[in-house]
Q: 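A single structure is presented below for examination.
Quick caveat, the model's predicted, so the values are computed rather than measured.
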Amino acid sequence: MDPRLSPDQSILSPDSGMMDISPDDNEGYGDREMTGSSLESPTGGTPSSTSNATMTAAPTHDAAGLDSNATKRKRFVKVVEVDAPNNLDLDTYIASYKGHTKINRLEFIADRCPSLQVEALRMAVTEMKNNQTLNVQRYVNLVKKLQDAVKLHGQSGANVGNDLLAMDKAWVDNQAQKAKILADQLEAELKNYKRNAIKESIRMGNTDLGNHYYECGDLTGAHRSYSRTRDYCTTPKHILDLCMNVIKVSIELGNFPHVLTYVVKAESTPGLADDKEFTKPKLKAASGLSNLDMGKYYTAARDFLSIGEELVAHPYSDVISPNDIAVYGGLCALATFPRTELKTRVIDNVGFRQYLDLEPHVRDLIQGFYNSNYTVCLEIMDKWRNDYLLDIHLHSHIETLYINIRKKALVQFASPFLTVDLTKMARSFATSVPVLEQELVSLIVAGQIEARIDSQQKILWAKQANKRSNIFEKTKAMGEEYERESKGLVLRIQMMNHGLVVKGPASEKGAADDGENPFQGGGRRGHGAREMFSDARSNMSNLFSNISRGDRFR
């Protein structure tokens with residue numbers, strides 16, 4: 001989701017056909033213009049009673065450029081308002097990011113956490129002012145939001161700083177003029193390069209113009225300029241630069257299916273193995289974010305776990321931090337991985353262990369889940385829920401992930417036992433017996449637990465298979481198979497005896513043996529037939545011995 005949009009604004013999803021992508025008149029397929037942003041998908045489930053988060057829904061509005069079909073697919077955006085995070089130190093948290101994502105996350109936190117609103121907006125305005133941003137419109141919007149927040153919370157301007165609250169119109173006009181002059185200069189240079197038909201100069205001109213549009217906040221123009229460099233790439237390094245630029249802009253636009261397209265394109269580039277800028281781990285991180293946004297949690301976990309340790313020392317700070325990799329990868333793995341895969345791919349993963357060291361609570365959560373210590377797991381999850389609701393990529397998936405993790409824990413708790421006391425089980429999962437019964441009923445109906453519930457005694461009874469019936473069923477199936485094979489073998493022998501087998505040409509070696517009686521002579525076919533008949537007799541002997549052993553169960 002683009003945090004620059006207010007919660008009641010329409011946000012469009014590229015994978016559902018709600019993004020208006022129209023080809024440019026003067027350029028090819030790669031010069032498509034995106035005129036929409038991503039849709040923040042609602043989560044399944046509701047917050048637990050222990051969470052201090054409240055949920056509100058705001059209807060979306062039509063955005064410019066939508067067709068009639070797209071207008072019919074409007075969705076509601078769930079906005080989760082967190083009263084106060086439990087463990088979030090804003091200064092430490094935001095220091096892991098840089099560039100646009102730093103501003104995006106600060107504004108996202110300000111929109112959803114009233115207690116941190118003023119501080120987050122103050123940091124965002126300071127960051128933009130110190131970096132001499134060219135995106136003056138966003139700076140103006142943030143200053144207005146900061147002024148409104150200060151009035152709402154009753155804080156004086158002295159606590160924030162009058163230099164931040166007061167709109168510096170002279171500075172804004174100067175930055176706007178500088179951005180316009182630089183844009184005109186870059187466009188003139190690009191026209192000159194095209195007139196001279198120098199491919200490398202044209203590529204660099206489009207890249208510089210895309211960088212300028214990106215700094216000005218014109219993500220659509222930046223994407224268009226980056227895409228136009230595709231026809232002028234002459235080396236693998238140029239292709240990788242193109243892919244990384246488009247991926248960065250597409251992530252900010254929320255066009256995650258487009259991100260996956262360029263991830264695949266970059267991974268198929270021959271020069272990826274020799275790249276010294278850690279492009280491959282960054283591609284895995286971008287792919288993980290895309291799959292997370294689309295709800296493909298298993299694939300997202302595989303992506304995050306395969307990043308390697310490179311991004312710890314060389315973080316991808318303008319998109320994702322090493323701490324995010326630990327949280328996203330750990331939660332997605334817990335929600336989707338079976339027990340054996342959780343052990344091999346997460347706990348024993350040396351490369352991912354360095355990310356878990358940055359988030360010790362995620363490491364303890366995974367280890368506790370694997371050791372069936374569900375009380376500790378649920379406590380950790382509940383403690384960090386509000387912090388995750390303030391994450392720009394994770395907030396819309398946290399409820400679904402938590403529900404899946406809890407279901408897996410219930411299944412794993414009940415699987416080793418023939419009977420389970422629901423009272424003790426409810427105590428382990430910090431819930432009441434009636435609520436636990438409803439959860440178990442849904443799992444039994446879904447086929448995830450083979451059991452029945454004794455509501456009177458409050459006991460979960462596992463279904464026991466009738467071993468005697470299973471043995472007779474297997475014996476019957478084995479006998480039918482042997483009978484079918486024996487009949488086929490006898491039919492083959494009879495056909496050979498009556499000359500109904502087609503003979504090969506006389507020139508072929510061993511043709512004289514074709515059609516022989518399988519029990520006469522030393523021909524290869526006769527020898528093979530005797531072996532087949534011997535196997536049939538052996539199989540029938542095994543059948544009778546199995547039936548005899550089955551009689552003991554009577």
Q: Kindly say whether S428 contributes a backbone atom to a donor-acceptor pair with the side chain of T375 at under 3.5 angstrom?
A: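 Yes, because the side chain of T375 sits within donor-acceptor range (under 3.5 Å) of the backbone of S428.
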Q: Can you see whether N245 engages Y214 through a side-chain donor-acceptor pair at a distance of less than 3.5 angstrom?
A: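 Per modelled atom types, N245 and Y214 side chains form no pair under 3.5 Å.
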Q: Could you verify whether a donor N or O on one side chain and an acceptor N or O on the other, from D324 and Y97, lie under 3.5 Å apart?
A: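 The criterion, which ignores hydrogens and geometry beyond distance, is satisfied for Y97 and D324.
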Q: Any donor-acceptor pair under 3.5 Å linking the side chain of D382 with the backbone of L378?
A: no
Q: Heavy-atom distance under 4.5 Å between the side chains of D293 and H393, does that happen here?
A: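 They are not in side-chain contact.
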Q: Using a strict 4.0 Å threshold on nitrogen-to-oxygen distance, state whether E481 and R484 make a salt bridge.
A: yes
Q: Tell me, with the steps shown, if M294 and L260 meet side chain to side chain contact (heavy atoms under 4.5 Å, CB included).
A: CA-CA 11 Å; M294 294 185 287; L260 286 179; 3.1 Å; yes
Q: Once rounded to the nearest 0.5 Å, what's the spacing between atom CD of Q367 and atom CG of N371?
A: 5.0 Å
Q: Hey, is the main chain of D391 close enough, under 3.5 Å, to the side chain of R105 for a donor-acceptor pair?
A: no
Q: Only pairs at least two apart or in different chains count here, so list each side-chain hydrogen bond (donor to acceptor under 3.5 Å, both in side chains) that has a residue in residues 442-452.
A: none
Q: Just by distance, with hydrogens left out, do E341 and Y298 show a side-chain donor and acceptor under 3.5 Å apart?
A: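 Short answer, yes.
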Q: Measure the OG-NZ distance between S321 and K98 for me, rounded to the nearest 0.5 Å.
A: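 So the OG of S321 and the NZ of K98 are separated by 13.0 Å.
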Q: Classify the angle between the aromatic ring planes of Y402 and Y388 as parallel (below 30°), tilted (30 to 60°) or perpendicular (above 60°).
A: perpendicular
Q: Which of these, V362, L365, N349, sits in a side-chain contact (heavy atoms from CB on, under 4.5 Å) with L356?
A: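 Only match with L356 under side-chain contact (heavy atoms from CB on, under 4.5 Å): V362.
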Q: Between E439 and K407, is there a side-chain N and carboxylate O pair less than 4.0 Å apart?
A: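 A salt bridge is absent here (no side-chain N lies under 4.0 Å from a carboxylate O).
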Q: So which of I325, D364, V327 actually passes side-chain contact (heavy atoms from CB on, under 4.5 Å) with E359?
A: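 The side-chain contact (heavy atoms from CB on, under 4.5 Å) with E359 is passed solely by V327 among I325, D364, V327.
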Q: Could you tell me whether E267 and K280 have a side-chain N and a carboxylate O separated by less than 4.0 Å?
A: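 Answer for the salt bridge query: no.
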Q: Would you mind checking if K237 and D241 are paired as a salt bridge, meaning a charged N to carboxylate O distance below 4.0 Å?
A: yes
Q: Strictly below 4.0 Å, N to O, side chains only: are D348 and K343 in salt-bridge contact?
A: yes
Q: First locate atom CG of D387, then atom OH of Y93, and finally report the distance between them rounded to the nearest 0.5 Å.
A: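 Nearest 0.5 Å value for the CG-OH distance: 9.5 Å.
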Q: Under a 3.5 Å cutoff, is there a donor and acceptor pairing between the side chains of Y226 and N211?
A: yes
Q: Measure the spacing between OG of S287 and CZ of R302 and express it to the nearest 0.5 Å.
A: 11.5 Å
Q: When rounded to the nearest 0.5 angstrom, what distance separates CG in L289 from CD1 in I251?
A: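 If we round to the nearest 0.5 Å, L289:CG and I251:CD1 are 5.5 Å apart.
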Q: Using 0.5 Å steps for rounding, measure from the CG atom of L401 to the CG atom of L334.
A: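 Between L401 CG and L334 CG, I get 9.5 Å after rounding to 0.5 Å.
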Q: So which of H100, K248, K102 actually passes side-chain contact (heavy atoms from CB on, under 4.5 Å) with D318?
A: K248
Q: Please indicate whether E309 has more than 12 foreign heavy atoms, meaning atoms of other residues, nucleotides or ligands, lying under 6.0 Å from its CD.
A: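 Open: at most 12 neighbouring heavy atoms sit under 6.0 Å from CD of E309.
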Q: Would Y355 and F304 count as a ring-ring contact (aromatic ring centres under 6.0 Å, His included) here? Give the steps.
A: CA-CA 10 Å; Y355 296 99; F304 288 123; 9.6 Å; no
